[in-house]
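Below you'll find the structure, written out as structure tokens, and then a few comments.
Just so it is clear: chains get the letters A, B, ... in the order the sequence lines come, proteins before strands, and each one is counted from 1.
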Amino acid sequence: MSATAVAAPKVRAAGVRKSYGNLEVLKGIDLTVDQGEVLCLIGPSGSGKSTFLRCINHLEAIDSGRLWVGDTTVGYEQRGNKLYELSDKEICRQRTEVGMVFQHFNLFPHMTVLENLMEAPIRVLKQPRRQVRERALGLLAQVGLAEKAGSYPKSLSGGQQQRVAIARALCMQPSLMLFDEPTSALDPELVGDVLAVMRNLAETGMTMIVVTHEIGFARDVADRVAFFDGGQIVEVGPAADVITHPQQQRTREFLAAVR
Amino acid sequence: MTTLSVPSTSEYVELTTVPRRHPLRWVSAIVLVGLGVYLLADVFTNPRFGWDVVSLYLRDVSIFHGLVMTLVLTVVCMAIGIVLAVLLAVMRLSPNPVVRTFAFGYVSFFRGTPVLVQLLFWFNLAALYPVISFGLPGVHLDANTLITPFIAAVLGLGLNEAAYMSEIVRAGILSVDHGQNEAASALGLTRGQTLRRIVLPQAMRVIVPPTGNEVIGMLKTTSLVSVLAVHELLFSAQIIYAKNFETIPLLIVASIWYIAVTTVLGVGQYYLERRYARGNRTLPPTPWQQVRKFFRTHAPVERSKA
């Protein structure tokens with residue numbers, strides 16, 4: 001898919017740095033993700049891949065460098081030669097373009113599945129209820145949970161909850177989807193359903209950035225894979241190359257350990 | 001000893017289990033029932049309780065007006081308390097240290113002084129500020145006419161309640177998983193929308209039970225404003241016994257009404273808690289549902305004549 005994408009990159013990071021106190025978790029990340037591309041971020045825990053993902057929708061503010069989604073700089077606005085942090089409202093507007101799926105689903109437990117999907121499109125995008133409802137039911141059918149529309153999240157299995165979370169993110173009609181270890185909190189037997197939904201989504205041409213430990217999924221579905229270690233990208237390239245023939249010693253060690 | 005000998009089943013068949021006896025439970029039950037009967041008998045035979053006077057004044061019109069005033073004070077003060085409490089709780093969680101400190105100072109001050117003292121302060125506000133202008137030009141309000149006993153009562157009880165309630169609301173907000181905030185933010189909800197639509201509804205599960213206690217506490221604390229001569233339930237009873245010297249019967253009248261209202265509030269709290277437990281666990285049936293089920297299962301059965 002990446003071979004056909006010639007438009008401007010969907011996501012572009014240049015020298016992105018981020019520290020928590022004295023601990024620098026991102027030490028200058030340079031990366032581009034093309035329109036319609038599926039990029040998997042792999043690497044050991046604490047390597048910065050989740051932090052980088054969270055910077056893309058400004059859940060974490062970056063300390064230096066630049067980060068673009070489309071042609072807008074994430075969280076900041078350039079005036080003269082300075083970057084000014086945007087207001088809450090503008091950040092919220094930027095985030096409507098970017099869907100995010102979390103490791104622990106984070107569904108709203110006091111709302112039914114359907115209400116979970118409809119909340120943001122109605123409140124944030126101010127779309128008419130009827131139109132949102134139709135789209136939400138369609139998405140639930142797509143993830144195989146049409147009959148769960150009226151259920152509360154607690155009554156669903158982890159795999160079902162995560163599929164609802166994906167549908168909830170898609171209901172905002174984003175142009176970019178971020179997945180933060182979407183299958184790490186699931187029982188092994190439930191992982192397959194979630195990955196299948198993500199695979200289908202990739203086939204529709206959605207731009208996706210996926211932090212994952214599912215090496216098989218990365219090899220089969222991702223266009224490219226980036227291997228993170230110690231706050232840096234050690235190796236990035238076509239999925240088959242990085243996973244099957246890693247160039248760097250550190251990548252080889254990691255892949256040998258997780259297999 | 002290579003095989004274990006298995007006793008034939010017939011050896012077990014005749015044995016039945018005998019539950020342990022609990023003689024001490026019987027003893028304690030008998031003692032308590034005896035004590036209860038003795039106390040009740042005394043209450044109803046001692047003529048000094050004056051039950052005839054109690055029944056006479058239970059539906060007295062000035063007692064009724066006092067009860068209404070007590071209910072009005074409870075509702076108004078709790079409303080002020082809850083609204084201010086949410087504001088204070090959000091301020092306590094603000095990223096701005098000055099805002100946080102202000103809210104902390106408010107809570108410390110109002111929790112640190114007795115509410116009776118606060119009531120007297122508000123009542124005597126005119127001594128401190130004879131003219132109230134709110135710092136605005138052209139505003140000249142006479143404190144003596146502005147601060148009626150009722151206004152002093154509402155300010156004293158309401159502002160004091162806000163301090164206690166804000167801690168309850170804060171605990172509720174903190175009980176909501178941080179992932180909820182992140183998910184809401186990622187969907188583009190503003191901080192205000194996230195608080196109103198996502199966080200507070202979930203915090204209610206933690207907030208409602210202690211708030212029920214606060215309402216019941218407030219109902220009884222309103223009796224303090226009798227010192228400001230506000231005609232609430234206790235003061236109405238006091239006015240009557242100041243004239244007819246039936247002190248005990250009229251205090252009983254007031255107490256019966258306090259118990260009646262707190263009982264009703266307790267039932268309301270029960271159903272409110274169930275409302276906010278939605279989506280979190282399967283609920284046990286209410287007593288009313290249990291009664292209905294009992295009558296359904298034990299309904300007369302029509303036998304077929306066959």
Cut-off 4.5 Å, heavy atoms of chain B, and the answer for Arg54(A) is side chain
Cut-off 4.5 Å, heavy atoms of chain B, and the answer for Glu119(A) is side chain
Test side chain to side chain contact (heavy atoms under 4.5 Å, CB included), reference Leu145(A), set Val164(A), Asp193(A), Val197(A), output is Val164(A)
Cut-off 4.5 Å, heavy atoms of chain A, and the answer for Gln180(B) is both
The interface call for Ile91(A) against chain B, heavy-atom contacts under 4.5 Å, is neither
Here the gap from Ile29(A) atom CD1 to Lys49(A) atom NZ, rounded to the nearest 0.5 Å, amounts to 12.0 Å
Most heavy-atom pairs under 4.5 Å with chain B, out of Cys92(A), Ala165(A), Pro174(A), belong to Cys92(A)
If we only count heavy atoms from C-beta on, is the Asn57(A) to Val74(A) side-chain gap below 4.5 Å? no
The interface call for Phe108(A) against chain B, heavy-atom contacts under 4.5 Å, is both
message = Under a 3.5 Å threshold, yes or no: a donor from one side chain and an acceptor from the other, between Glu273(B) and Gln269(B)?
response = yes
* Answer yes if the side chains of Thr113(B) and Gln118(B) hold a donor-acceptor pair under 3.5 Å, and no otherwise. => yes
Original post:
Do the charged groups of Glu37(A) and Lys10(A) touch, with an N to O distance under 4.0 Å?
Top reply: no
Of Cys40(A), Pro182(A), Ser50(A), the one forming a side chain to side chain contact (heavy atoms under 4.5 Å, CB included) with Val211(A) is Ser50(A)
Pair count under 4.5 Å, heavy atoms only, with chain A: among Ser185(B), Pro201(B), Ala184(B), highest is Ser185(B)
Looking only at Met204(B), Glu182(B), Arg197(B), most heavy-atom pairs under 4.5 Å shared with chain A are made by Arg197(B)
From the list Ile198(B), Val176(B), Asp177(B), the residue making the most non-hydrogen contacts under 4.5 Å with chain A is Ile198(B)
